[in-house]
Amino acid sequence: MNDKQLDDLINGLADEVAPERDLWPDIEARLAQPAASMPAHRPAPGRWWGQLALAAAVLVSVAAGAWWSQTPVEAPAAVALADLSDDAIADAADTGWRGELQTADDTLAAALDERRGTMEPELLLIIEQNLTIIDDAMADIDAAMDAAPDDPTLRAALIDAWRQRIGLMERARALTDS
Amino acid sequence: MNRILTLLALSCAPALASPINEQIDLPDGNEVLIENTCGEITVAGLERDGVVVRGELGDDAELNVSRSGKRVSVRVKGDGEGFFSGWSEDACATLRVEVPVHTELSIEAVSAEIEIGGVHSEISVEVVSGDIWIGEGPSSVDIESVSSDVTLKGVTRELEVELVSGDVTVENAHGRVDFTSVSGDLNLSGAGLSRVQAESVSGDIRIVGGLESGARLDLTCHSGDVDMVLPKGTSGAFEVQSFSGGIDLMGVKPKSREYGPGASLNHAIGEGSAEISITTFSGNVEIKEQ
């Protein structure tokens with residue numbers, strides 16, 4: 001999936017598209033969790049994603065689409081959440097998105113670590129350095145969101161950073177598959 | 001163009017074994033695809049039909065030049081190289097290719113220096129690393145690279161550049177520009193810019209040039225700065241915000257943002273016909289007229 005396809009998917013979801021997988025039961029379950037226990041994005045520097053980056057991209061797209069639009073995706077399960085405020089749903093989507101991604105991150109990091117020895121060292125270094133730049137940016141945004149959790153610009157910036165990260169992962173995956 | 005002709009005449013490969021001299025018929029207005037794992041690729045668009053391929057091949061490289069319908073393919077295949085896992089110098093080639101001036105050109109390489117001049121049609125370059133220089137003339141250019149410095153001397157209609165790192169310098173740009181990078185800078189100058197979408201995480205974005213009436217610009221940086229220098233009399237509506245960076249829009253004082261420590265500014269100059277949206281996290285924004 002390239003950036004344009006990812007953009008198209010996100011834009012489509014923002015208009016109204018049901019997710020490929022029903023995220024809302026998980027989101028609903030997480031609504032009961034205290035906010036302090038919710039996982040934040042903390043990717044390890046230099047971690048690699050690989051074969052499952054596409055799946056992660058879809059997850060991001062689904063969650064980001066719901067988040068971006070600030071309205072619930074019109075999936076059947078979302079009807080049960082109709083009485084919740086947009087912010088509560090957005091927060092829940094955010095939480096689910098981060099948790100799902102962290103799990104995917106762990107899996108993908110392990111898969112890509114196995115391929116490191118087959119990669120051209122200079123290009124590996126470039127990609128890792130740039131992943132670190134993105135991760136640092138995401139950490140900046142995360143910290144800022146702690147202080148201004150309702151800032152829509154930060155939310156958009158975080159989604160952009162994820163798009164960049166996934167785009168880079170996708171490119172690395174394509175290179176290793178060639 | 002003179003640069004390319006000089007390169008065609010003088011370019012030499014480092015210790016490559018076999019000279020190349022191939023020719024194939026192709027009328028102007030068709031397609032040429034060039035694939036080369038590593039080395040150099042120099043392409044010149046000339047006012048004549050036919051494709052000429054010269055240069056040198058490494059010991060482990062094979063050249064195949066073929067035509068299928070409207071497309072000529074120039075393929076160098078190395079022995080056993082992986083796209084990302086490295087290659088030997090013997091799999092490399094120096095290619096000096098002459099094509100008709102209105103050829104639609106596609107280049108794919110892993111690690112190659114690429115120079116293109118005199119091609120007045122669409123150009124597509126996909127490379128992992130290696131610098132790219134493209135002279136004036138192409139109607140549209142599409143570049144995808146992991147790490148390349150890119151110089152374009154002019155593009156008449158549409159430019160799309162997607163990089164991870166490496167700086168991009170574009171002169172005489174017109175029409176639409178799309179730029180995405182993680183750490184690279186964009187230095188864009190031109191006139192008649194109609195749509196500019198530029199995004200970098202740590203790189204800077206600098207735009208010097210005139211906007212078409214009704215133009216739309218979306219510029220986003222995280223820690224990189226955004227600088228714009230516009231001609232006097234530009235008509236544009238600006239929507240600028242930064243979480244923690246500074247904003248200087250022709251001396252107009254920004255206001256504090258509703259969220260965070262930064263500033264935002266909505267301001268129109270002239271009739272405000274162009275729409276310019278700029279967002280940074282910590283990068284500074286400066287916009288001025290000259």
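Convention: sequence-line order gives letters A, B, ...; per-chain numbering from 1. Just so you know, these numbers come straight off a predicted model, no measurement behind them. Worth knowing before you read on, the calculation uses all heavy atoms, side chains too, and leaves out hydrogens, waters and symmetry mates.
- Atoms CD and OG, from A/E122 and B/S129 in turn, are 7.5 Å apart once rounded to the nearest 0.5 Å.
- When each of B/S147, B/S183, B/S181 is checked for a side chain to side chain donor-acceptor pair (under 3.5 Å) with A/N130, only B/S183 meets the rule.
- With values rounded to the nearest 0.5 angstrom, A/D160 atom CG is found 9.5 Å from B/T180 atom OG1.
- In this structure, OG in B/S223 is found 7.5 Å from CG in A/D140, a value given to the nearest 0.5 Å.
- Residue B/F243 holds its CZ atom at 9.5 Å from OG1 of A/T153, rounded to the nearest 0.5 Å.
- With a 4.5 angstrom heavy-atom cutoff, B/T280 does not touch chain A via any of its atoms.
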Are B/V182 and A/Q129 close enough, and set up right, to give a side-chain contact (heavy atoms from CB on, under 4.5 Å), and what steps lead you there? CA-CA 10 Å; B/V182 177; A/Q129 286 173 336; over 6 Å; no
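- With a threshold of 4.5 angstrom between heavy atoms, A/A147 does not approach chain B through any atom at all.
- With a 4.5 angstrom heavy-atom cutoff, A/A157 does not touch chain B via any of its atoms.
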